[in-house]
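Chain naming here is simple, since letters A, B, ... match the order of the sequence lines and numbering starts at 1 in each.
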There are 2 protein chains.
Amino acid sequence: MGRHREFDVEKALDAALCVFWRKGYEGASYADLTEATGVERPALYSAFGNKEALFRKALDRYYTHYLDYIPVALDLPTAREVAAHILYQAADLNTRYPDHTGCLGIHGVLAGSDDAEPVRQALIDARAAGEAQLRQRFERAKAEGDLPETADPEGLALFVLAILHGMAVQAKAGFSRERLERVIDQALSTWPTAS
Amino acid sequence: MGRHREFDVEKALDAALCVFWRKGYEGASYADLTEATGVERPALYSAFGNKEALFRKALDRYYTHYLDYIPVALDLPTAREVAAHILYQAADLNTRYPDHTGCLGIHGVLAGSDDAEPVRQALIDARAAGEAQLRQRFERAKAEGDLPETADPEGLALFVLAILHGMAVQAKAGFSRERLERVIDQALSTWPTAS
DNA sequence: CAGTTTTCATAATGATCGTTATAGTAACAA
DNA sequence: TTGTTACTATAACGATCATTATGAAAACTG
């Protein structure tokens, strides 16, 4: 069957993920990726395919290994707890690693050349999927009486996601976790109540 | 004194600004810039300097020609009016031009290669300047009794800017102005009142 | 052991990046 | 008109981009 791989694929993928997290899709070069992973270029191509495929695998890993608090949050009993848990966990994640602040899922959405359009669209789709999950959760909360009849589940979902995206930008601009949490406190200050 | 310039410098700068708006600093190539401006490369270098200088001039123009609603907003009588005016104007600007949605000032903050670090820092600084302006305005509002004693001017400024940044991301993801305004409505529903 | 297969490391591919040298042309001053 | 100046346009520069031939080394099977 031939020779075995010398490097750990999972570790290499995580290292590549961190590079993308810091520099975005187009900002990360193969020189960066080989240095961070300790793996030469042909080995990266052999293990992951081309750059776009590598990024998509890194994005998958990001959702399963770093955004794992989202499914946990969606199972919490009240809409407010769902929102608060997601927001505070995101603030922590956005500032946990000084070398790659912010959110990988957001960094590729904004700017880039036309070549990066497929990647940008993939990130937009992933963002929209998260929005749909949150909206459905808030619709359930309204049906359960956890949110008042006057509440707007979709508006709340859009609002929570706007805060998430805003925090990602602010974290990239160097905000501390404490400053992000002040944003959250303000956002949650008058969450609609069913009383 | 020699030959006169054939192209309109202001028009060329505005065309370049729109390219940066859509693709960010590194995503915009000189091929894009020459096509959009109708000006050959050496003429761009002669008129504006290198790419970084051109971007900085475009950023200046962005603030003076497109973010001109900010100084207007800061002069409104109440903090809530200030926030509402800025947010609604931003929602409009973020969705006004289908070819370049979102906010130029945000697109460069997030990801990019190490070469773009000076530009990223310039955008971060500009963002911080806006934050300071808004914080000072809210501090004044608190002193004037327009905001309650319990209000946190800096927290409110951070919050408003988070919404702005979040909307920029959402606009780039294709949100309509109506959807952005639902975010704003939710954000302003948490606004503290002096009563 | 030999034979096969896969990985590894070096280096080269064509394309595109930002930047400029060069040559030609148009508009000024004298 | 003549000389000079500053613009325009073509094309080339070295560097870097993502991608891949190439050949040597290593680990499996029989």
Side-chain angles (χ1 to χ4, degrees), chain A residues 1-13 15-17 19-20 22-59 107-108 111-120 122, chain B residues 1-13 15-20 22-59 107-108 111-122:
Chain A
M1 288 295 291
R3 186 175 169 179
H4 283 176
R5 237 185 216 111
E6 285 185 1
F7 65 92
D8 185 325
V9 175
E10 289 295 311
K11 284 187 179 178
L13 182 56
L17 158 57
V19 175
F20 284 128
R22 188 157 78 89
K23 302 193 171 188
Y25 173 64
E26 288 191 305
S29 73
Y30 265 91
D32 299 323
L33 294 168
T34 54
E35 186 186 7
T37 58
V39 175
E40 295 299 326
R41 296 168 195 220
L44 286 179
Y45 277 89
S46 162
F48 304 108
N50 67 4
K51 191 184 182 184
E52 179 173 341
L54 172 57
F55 182 84
R56 288 178 184 271
K57 287 184 173 65
L59 186 61
H107 292 173
S113 77
D114 292 337
D115 293 343
E117 182 57 34
V119 170
R120 190 159 44 247
Chain B
M1 285 294 293
R3 184 174 170 181
H4 284 176
R5 236 184 219 113
E6 285 186 0
F7 65 94
D8 184 326
V9 175
E10 289 294 311
K11 284 187 179 178
L13 181 56
L17 158 58
C18 291
V19 174
F20 284 128
R22 187 156 78 91
K23 303 194 172 189
Y25 173 62
E26 288 191 305
S29 72
Y30 265 92
D32 299 322
L33 294 168
T34 54
E35 186 186 7
T37 58
V39 176
E40 295 300 326
R41 295 170 197 218
L44 287 178
Y45 277 89
S46 162
F48 303 108
N50 67 3
K51 192 183 182 186
E52 179 173 342
L54 172 57
F55 181 84
R56 289 177 184 273
K57 288 185 172 66
L59 186 61
H107 292 173
S113 78
D114 291 338
D115 293 343
E117 182 57 34
V119 170
R120 190 159 45 247
Q121 194 57 49

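As rounded to whole Å, 18 Å separates atom C1' of C/dC17 from atom CZ of B/F55. Atom C1' of nucleotide C/dG18 and atom CD of B/E35 are separated by 18 Å, given to the nearest angstrom. Between the OH atom of B/Y30 and the P atom of D/dA11 there is a distance of 20 Å, rounded to whole Å. The distance between atom OH of B/Y45 and atom P of C/dT19, rounded to the nearest whole Å, is 3 Å. When the C1' atom of D/dA18 is taken as reference, atom CZ of A/F48 falls 17 Å away, rounded to whole Å. Rounded to whole Å, the distance from CD on A/E52 to C1' on D/dA18 is 12 Å. A/N50 has its CG atom 11 Å from the P atom of D/dA18, to the nearest Å. At whole-Å resolution of the value, CG in A/L33 and P in D/dA18 are 8 Å apart.
At the heavy-atom level, A/A28 lies under 4.0 Å from the strands shown only through sugar-phosphate atoms.
Rounded to the nearest 0.5 Å, atoms NZ (A/K23) and OG (A/S29) are 6.0 Å apart. Note that CG of A/L59 is 12.0 Å distant from OH of A/Y25, once rounded to the nearest 0.5 Å. With values rounded to the nearest 0.5 angstrom, A/E6 atom CD is found 11.0 Å from A/E40 atom CD.
A donor-acceptor contact shorter than 3.5 Å is absent between the side chain of A/K51 and the backbone of A/Y30.
Nearest-nucleotide positions on DNA chain D for B/R41 and B/E6 put B/E6 closer to the 5' end. For B/D32 and A/E40, each mapped to the nucleotide of DNA chain C holding its nearest heavy atom, the one lying further toward the 5' end belongs to A/E40. Heavy-atom distances to DNA chain C give each of B/K51 and A/H4 a nearest nucleotide, and the one nearer the 5′ end belongs to A/H4.
Residue A/D114 comes nearest to B/R22 through the heavy atom pair OD1-NH1, 3.9 Å, listed as atom of the first residue, atom of the second, then distance. The two residues B/F48 and B/A53 make their nearest non-hydrogen contact at O-CB, 3.3 Å. Heavy-atom minimum distance, A/D32 versus A/G27: OD2-O, 3.8 Å. Taking every heavy atom of both residues into account, A/A58 and A/L17 meet most closely at O-CD1, 3.8 Å.
Taking five base pairs at each end of the helix from C/dG3-D/dC28 to C/dA30-D/dT1, the local helix axes there meet at an angle of 0°, rounded to 10°.
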**Message:** Walk me through whether B/H107 and B/F20 qualify under side chain to side chain contact (heavy atoms under 4.5 Å, CB included).
**Reply:** CA-CA 9 Å; B/H107 292 173; B/F20 284 128; over 6 Å; no
**Request:** Test B/L13 against B/T37 for side chain to side chain contact (heavy atoms under 4.5 Å, CB included), laying out the working first.
**Result:** CA-CA 8 Å; B/L13 181 56; B/T37 58; over 6 Å; no
Identify each atom pair where a protein N or O and an N or O of nucleotides 23-25 of chain C are less than 3.5 Å apart, giving names and distance.
{"from": "C/dT25", "atom 1": "O2", "to": "B/R3", "atom 2": "NH1", "distance (Å)": "3.2"}

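Distance from the side chain of B/R5 is smallest for D/dC7 among the nucleotides D/dC7, D/dT10, C/dT7. The listed nucleotides are C/dC17, D/dT19, C/dT19; the one nearest the side chain of B/S29 is C/dC17. Minimum atom distance to the side chain of A/P42 is reached by C/dT10, of the listed C/dC28, C/dT10, C/dT20.
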